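Here is the structure we will look at.
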Amino acid sequence: MEYKEIEDRWQREWDEARLFESNVDSRPSYFVTAAFPYANAPQHIGHLRTFGTADVLARYKRMRGFNVLFPMGFHATGTPVLAFAKRIKSRDEDLVKELKLFSIPDEEIAKMTDPTYIANYFVKEIERGMHLAGFSIDWRRKFVSIDPFFSKMIEWQFGKLNDKGFLIRGKHAVGWCPNENNAVGMHDTKHDVEPEIEKEVAIRFRIKGEDSYLLCVTLRPETIHGVTNLFVNENAKYALCSMEGAKGKYYIAKESIPSLKYQFSIVASGEASGSELIGKSCANPITGAELPVLPGFFVNEGIGTGVVMSVPAHAPFDYAAVERLKAEGKADNIEPIIVLETGELEEGEIPALAYMRKAGAEPGSDEKLLEIATKLQYKAESHKGRMIADGLKGLTEPEAREKIKGMLLGSGDALEVYALANEGNVMCRCGTGVVVKVVDNQWFLNYGDAKWKETAKDALGNMNILPEKSRNAFESALEWINLRAVVRAQGLGTKFPFEKQYIIESLSDSTVYMAFYTISHIIREVDPERLTPAFFSFVFLGEGNAGDVAKETGIDFDKVRKSRESFEYWYNETSRHSGPDLIFNHLTMYIFNHAAIFERKRWPKQIVVNGSVLCEGEKMSKSLGNIIPLADAFAKYGVDPLRFVVIAGAELFSDSEFNDEAVNGVRERFEYLHNASRNADGLGMGELNRMDYWLYSKLNRKIDGITASMEKLELRDASTQLLYNTVLELKRYFAKGGNNSMVVKDYLSKVILMMQPIAPHVSEELWHMLGNNSFASAESWPSADKEMISEVIEEGEELVERAVLDAKQVMELMGRKGRGSAREIRIITAGAWKHDALGIISETKDIGKTVAGIRDKYPSISSDIVSKYAAVLMRKTNELRKGALGYEEEYEAFLDSSEYIAKLLGVKVRIEKEEDSDSQRASRASPMKPSIDVLS
RNA sequence: GCGGGGGUGGCAGAGCCUGGCCAAAUGCGACGGGCUUAGGACCCGCUUCCAUUAGUGGAUGCGAGAGUUCAAAUCUCUCCCCCCGCACCA
């Protein structure tokens, strides 16, 4: 079958038929949205998952009688597109290579120095890909998140959020490039490293006899009781400074000023060399103990403040430094002070030394070993440590840390400082080292607001989450989300209405945009300046009336009215589709923002979270070079096989595996159905026989099953039933002599309709092949005729199959025994009384009652035989199950299949009832387990 | 560390909520056989161990250990391991 041809044909037909252009009408509405694709890269097969799942649901709902809207827009807000343009400008080789992987022509790449050009280019590319994929998208509503008319809605949204008091301002630490003077995120660093910012604390130690302090940064303020001395770098220069927000003057390393000045304003008023500081002594702010200042071999003047508090009992570096000084006679009276215990060490053992030993380090070791020891110790102590120091006894380490921090901050003896927690330096793409900057007056959305949280929880509680097991993740995400910075200094996007120099951060501008799809096609031509808050408040909230709004804004009355109408029609039953990585930001914010702004009845109704796509077991990634461009994959494998594997190859939440084999497996089965459909007309006609009823039974059971799976979007299950089981059933049907054209066509056409959501092209093709002239996609979803589901028929089939297997085994055994080949087999079904006995015993589990019951009904059967048989059944008491087949039904099942069995085994077949059989083996027959007598 | 999801046969992956028909669906792979000039496709069989010359019986078994139960892959507890997220970044 030439897929390409079929796909092209159906794509064309659909375009002409405009099947998927949704309008307000009298049917119930259903609104499906999938996460915005980001317009800075072409699509690869991984993208097929989320959008494909959405498309499957859209198609399914359409067949269930809903008027379905499935629109698509594009995201271009934020810094990635800007960074992209910059990299092209600087002729970034990696990026160019990546683009070539997608066979983007050189002349296009050359033009990609303009962010808008990039966005437009990829919007077109992605749209083309989605078209190829057969997505049933209403493209009239397409927009890009940087379109001016869209920005107007975002302005309105932020106005609303501000009115509710959810927009607040405060301090905020960000990664910063001192050279370019702007914030750096992952997209702006070399190797795409996310700058990790860590909150630390700087503690001051008053210098004895002076009015100044040494300031040192530490991650472990809880060890303050264990400080024995301070370390400085004897070769470094220190500056005496005053710092914003802290009284007094502080010595800090000169080297540290350039990075710290982005957190505090620092004014230097004097300086001292490291060696000048050595010999001074300071006071511990908590204990008052006297702490000499000593040279520390490991002190890096560029890290923190270039001053380190020394806790030799709990820090291997400190211990090593003290020991080295002792060896030189420079630190004779310094002894480690133990402030916490883990219970792992021997009494009196010095913890730092113990962990050094574990790491194979000693005081003279190089820094790597000491580093390992430090990690071991930190891990053990923060996990299991209990404080023994005064005033902290019994606290865990984290508790003690908070307590000490609070005390020191409260008394002004400590400052909060931020540092990059990344291993090694983080470099901006421009080549400058990234520092931490504290931004004042950052705008936040306060997702921590208690009332707001309650509303959001309320919303979530009433939502449908698929798969249901991801609800837990949503619950914790709702709990966890707190402040979120919402503006940036640079990037594409909507200007922040309350401070126009800022741009609204790109995740925050895509939380309620789904509503925009309901009106984008109506207001596209309207001058954006007319799209005032009054307009959106009317359309989305019903505030005011169309006449006034039209007058006030100057927008055509009809457009205002239609917009409201469209929103009211569509924004009810909604389903939102996205990947699991968005649970903790976008999807949670989606819930919050809807709960904040919209009327209750417009809140989200359903979220669908799907897994990603693995390629030959590996995650697709640019660095692995195993990204398969969507268009290439379609050309190579065909759209529908790919849709089947990628969308329906795994349950929602787990990753689906993409590889050649899987695709081929699907293709082969498509071929089978294709052939079956083509040949269906040539089959026979006539009265329905056992196999026909069997096929109908299977079909109707299948319709029920698949429908249930589709409702929960359990697509893997649906696809297995649809494709794999269908092929198995048809093969069995034909193998057993099934040959009824009408039955096969009935069966196939329903299966084909159910395939429509997942494999639309193949479905249309086969639908027509069966003689239909309509669009499968416009047909109704089949419903099951429960009358046609027959346990008796299906179990009879199972029974026969099992008996055939048994017979084969026996025949083989006979062959091995050299008793010659079999000529005839007799299948002897269990006598009526055995069926009754099984019935009684499976209910009563009582041999006596069984024997009595049978004696009453069948006086001629010896009670001795009955009780022996009942005993045998009892031994299998756990397996006892009353089969669906009765005495006569079992016999008939075999009778109807005798020809088939004979042909299959190549022997004569006789079916007998136990009562009528003269075989010696007849008495072995049992319900669901006939006796088989092989005669040679 | 915190939060979320997991650990099933050579592999992938169902089953687990609602315990028993589960030596565990299905697909792939491996192996044996058929078909074929041959390969592919297709068809049949087989794929934990032991025993078994009539379709069978038994043991072990679903990350490890303990418990509940007549009965546990399934319920409870403890432990180990893997994946993902931890923010202003899309």
Side-chain angles (χ1 to χ4, degrees), chain A residues 35-36 38 40 75-81 83 172-175 183-189 192 194-197 378-379 382-383 397-398 439 442-445 447 467-477 479-488 491 505-508 510 580-586 588 611-612 614 617 619 649-651 653-657 659 661-662 664-666 668 671 716-717 720-721 724-725 728 731 735 802-819 876-881 883 904 921 924 928-934:
Chain A
F36 266 157
Y38 201 90
N40 74 340
H75 206 191
T77 330
T79 49
V81 174
H172 185 57
V174 294
V184 290
M186 194 173 80
H187 300 282
D188 310 306
T189 61
D192 284 346
E194 179 79 46
E196 288 171 46
I197 294 166
Y378 278 23
K379 194 174 173 192
S382 67
H383 197 43
E397 207 198 30
V439 182
Q442 168 65 287
W443 289 86
F444 295 96
L445 266 178
Y447 290 113
E468 179 60 29
K469 71 175 172 186
S470 59
R471 183 182 293 277
N472 290 340
F474 278 97
E475 279 167 0
S476 35
E479 213 50 73
W480 158 89
I481 194 170
N482 193 9
L483 293 179
R484 184 174 183 99
V486 291
V487 301
R488 291 201 60 144
E505 179 267 328
S506 53
L507 279 181
S508 300
S510 54
D581 46 331
L582 295 182
I583 293 178
F584 278 80
N585 46 55
H586 166 74
T588 295
S612 46
L614 301 181
K619 204 166 181 160
E651 276 321 332
F653 209 54
S654 41
D655 296 338
S656 69
E657 166 74 14
N659 55 48
E661 261 164 30
N664 286 336
V666 170
E668 276 157 22
E671 303 272 1
R716 161 131 184 149
D717 189 53
T720 308
Q721 294 186 59
Y724 296 90
N725 293 354
L728 288 177
K731 281 185 181 174
R802 267 202 307 271
V804 165
L805 278 180
D806 285 350
K808 268 191 195 172
Q809 280 185 39
V810 176
M811 284 164 68
E812 201 181 310
L813 274 171
M814 288 186 53
R816 261 196 266 143
K817 273 197 287 186
R819 282 210 220 147
K876 302 188 173 180
T877 179
N878 286 343
E879 295 161 31
L880 279 188
R881 185 179 58 119
L904 194 70
R921 309 193 72 86
R924 293 174 61 106
M928 296 307 282
K929 190 83 187 165
S931 174
I932 296 166
D933 197 359
V934 180

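None of these values were measured; they are calculated from a predicted model. Throughout, protein chains are lettered first and strands after them, A, B, ... in sequence-line order, and every chain is numbered starting at 1.
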Exercise for the section: Rounded to whole angstrom, note down the C1' distance from B:G9 over to B:G3. Expected result: 33 Å
Practice task
For A:Ala485, answer base if it contacts any base atom (sugar-phosphate contacts may also be present), sugar-phosphate if it contacts only those atoms, and nothing otherwise; contact means non-hydrogen atoms under 4.0 Å.
Solution key: base
Problem - Whole angstrom value for the distance that separates C1' of B:A14 from CG of A:Asp717 - result: 9 Å
Practice task
Using Watson-Crick or G-U wobble geometry with both distances below 3.5 Å, tell me the partner of B:U53, or none.
Solution key: none
Fill in the blank from the handout: When rounded to the nearest 0.5 Å, the distance separating CG of A:Asn482 from CD of A:Glu479 is 10.5 Å
Exercise for the section: Taking all non-hydrogen atoms of both residues into account, name the closest pair between A:Phe584 and A:Ser476 and its distance. Expected result: CZ-OG, 4.4 Å
Completion exercise
A:Asn585 has its side chain closest, among B:U56, B:C89, B:G3, to B:C89
Taking only nitrogen or oxygen atoms into account, show me every contact under 3.5 Å that the protein makes with nucleotides 6-8 of chain B, one pair per line with its distance.
{"from": "B:G6", "atom 1": "OP1", "to": "A:Lys469", "atom 2": "NZ", "distance (Å)": "3.3"}

Exercise for the section: Could you grab the distance from atom CD1 of A:Ile481 to atom CG of A:Leu445, nearest 0.5 Å is fine? Expected result: 9.0 Å
Practice task
Taking atom P in both B:C28 and B:C43, compute the distance separating them and give it to the nearest angstrom.
Solution key: 10 Å
Completion exercise
Side-chain atoms of A:Val934 come closest, of B:C86, B:C88, B:A54, to B:A54
Practice task
Take A:His75 and A:Ala803, find for each the nucleotide of RNA chain B with the closest heavy atom, and name the residue whose nucleotide sits nearer the 5' end.
Solution key: A:Ala803
Exercise for the section: Determine the interatomic distance between C1' on B:A59 and the same-named atom on B:A23; round to the nearest Å. Expected result: 12 Å
Practice task
Measure the CG-CG distance between A:Leu507 and A:Leu582 for me, rounded to the nearest 0.5 Å.
Solution key: 7.5 Å
Exercise for the section: Please list, chain by chain and in numerical order, all residues satisfying side-chain hydrogen bond (donor to acceptor under 3.5 Å, both in side chains) with A:Asn585, sequence neighbours excluded. Expected result: none
Fill in the blank from the handout: Across all chains, not counting sequence neighbours, the side-chain contact (heavy atoms from CB on, under 4.5 Å) partners of A:Arg924 are A:Arg921, A:Ser931
Exercise for the section: Please measure how far the P atom in B:A72 lies from the corresponding atom in B:C21, and state the result in whole Å. Expected result: 11 Å
Practice task
Report, as a single string ordered 5' to 3', how protein heavy atoms within less than 4.0 Å touch nucleotides 39-46 of chain B: B base, S sugar-phosphate only, - not at all.
Solution key: ---SSSS-
Handout entry: Non-neighbouring partners of A:Arg471 that pass side-chain contact (heavy atoms from CB on, under 4.5 Å), sequence neighbours left out
Key = A:Leu460, A:Ile465, A:Glu468, A:Glu475
Practice task
Under a 3.5 Å limit for both distances, which nucleotide forms a Watson-Crick or G-U wobble pair with B:G9, could you say?
Solution key: none
Handout entry: Rounded distance in Å - CG (A:Leu582) to P (B:G85)
Key = 12 Å
Check nucleotides 29-33 of chain B against the protein and report each pair of N or O atoms closer than 3.5 Å, with its distance, or say if there are none.
none

What does the list of N/O pairs under 3.5 Å between the protein and nucleotides 15-17 of chain B look like, with a distance for each?
none

Problem - For A:Leu904, all residues meeting side-chain contact (heavy atoms from CB on, under 4.5 Å), sequence neighbours excluded - result: A:Val804, A:Tyr900
Handout entry: Between P of B:A54 and CE of A:Met811, the distance in whole Å
Key = 16 Å
Problem - A:Phe474 vs A:Ile583 side-chain heavy atoms within contact, under 4.5 Å - result: yes
Problem - Interatomic spacing from CG in A:Leu483 to CH2 in A:Trp443 - rounded to 0.5 Å - result: 13.5 Å
Exercise for the section: Kindly say whether, by distance alone, the side chain of A:Arg924 makes a donor-acceptor pair under 3.5 Å with the base of B:G55? Expected result: yes
Handout entry: Partner residues of A:Gln721 under the side-chain hydrogen bond (donor to acceptor under 3.5 Å, both in side chains) criterion, sequence neighbours left out
Key = A:Asp717
Handout entry: Pairing partner (Watson-Crick or G-U wobble, both distances under 3.5 angstrom) of B:C70
Key = B:G20
Exercise for the section: Quote, to the nearest angstrom, the P distance that separates B:A14 from B:C70. Expected result: 33 Å
Handout entry: Short side-chain N/O contact from A:Thr79 to OP1 or OP2 of B:A90, under 4.0 Å
Key = yes
Problem - Side-chain N,O (A:Arg488) to OP1/OP2 (B:A90) below 4.0 Å - result: yes
Exercise for the section: Determine which nucleotide pairs with B:C86, using a 3.5 Å limit on both distances of a Watson-Crick or G-U wobble pair. Expected result: B:G1
Practice task
Taking atom C1' in both B:G63 and B:C81, compute the distance separating them and give it to the nearest angstrom.
Solution key: 7 Å
Practice task
To the nearest Å, give me how far apart CD1 (A:Ile583) and C1' (B:C86) are.
Solution key: 14 Å
Handout entry: N or O in side chain of A:Lys929 less than 4.0 angstrom from B:U56 OP1/OP2
Key = yes
Practice task
Mind checking A:Ser508 for me? I need base, sugar-phosphate or nothing, with any heavy atom below 4.0 Å counting as a touch.
Solution key: nothing
Problem - Which residues share a side-chain hydrogen bond (donor to acceptor under 3.5 Å, both in side chains) with A:Tyr447, sequence neighbours left out - result: A:Asn593
Completion exercise
Residue pair A:Val810/A:Val487 against RNA chain B: nearer the 5' end by closest nucleotide is A:Val810
Fill in the blank from the handout: Sorted by chain and number, sequence neighbours left out, salt bridge (charged side-chain N to carboxylate O under 4.0 Å, His left out) with A:Arg484 holds for A:Glu505
Exercise for the section: Determine: side-chain N/O of A:Thr720 to OP1/OP2 of B:U26, distance under 4.0 Å, yes or no. Expected result: no
Practice task
Measure from the side-chain heavy atoms of A:Arg716 and tell me the nearest of B:A90, B:G85, B:U26.
Solution key: B:U26
Practice task
Go through the structure and list residues passing salt bridge (charged side-chain N to carboxylate O under 4.0 Å, His left out) with A:Asp933, not counting sequence neighbours.
Solution key: none
Problem - Residue pair A:His75 / A:Asn40, side-chain heavy-atom distance below 4.5 Å - result: no
Completion exercise
Partner of B:C35 under the Watson-Crick or G-U wobble criteria, both distances under 3.5 Å, comes out as none
Handout entry: Gap between atoms OH and C1', on A:Tyr724 and B:U26 respectively (whole Å)
Key = 9 Å
Exercise for the section: Please measure how far the P atom in B:U36 lies from the corresponding atom in B:A51, and state the result in whole Å. Expected result: 38 Å
Practice task
For the pair A:Tyr38 and A:Val81, evaluate side-chain contact (heavy atoms from CB on, under 4.5 Å) and give the outcome as yes or no after the intermediate values.
Solution key: CA-CA 9 Å; A:Tyr38 201 90; A:Val81 174; 3.6 Å; yes
Exercise for the section: Tell me what A:Asn725 touches on the nucleic acid: a base, only sugar-phosphate, or nothing, going by heavy atoms under 4.0 Å. Expected result: nothing
Handout entry: Given B:C86, B:A90, B:G3, the nucleotide with the shortest approach to the side chain of A:Ser476
Key = B:G3
Problem - A:Asn482 side chain, from C-beta outward: closest of B:U26, B:C88, B:A87 - result: B:A87
Practice task
Using atom CZ of A:Phe584 as one end and atom C1' of B:C86 as the other, report the distance to the nearest whole Å.
Solution key: 8 Å
Handout entry: Pairwise P distance, B:C44 and B:C49 [rounded to whole Å]
Key = 24 Å
Problem - Validation row: A:Val487, A:Phe444 side chains within 4.5 angstrom (heavy atoms) - result: no
Exercise for the section: Pick base, sugar-phosphate or nothing for A:Pro467, based on heavy-atom distances below 4.0 Å to the nucleic acid. Expected result: nothing
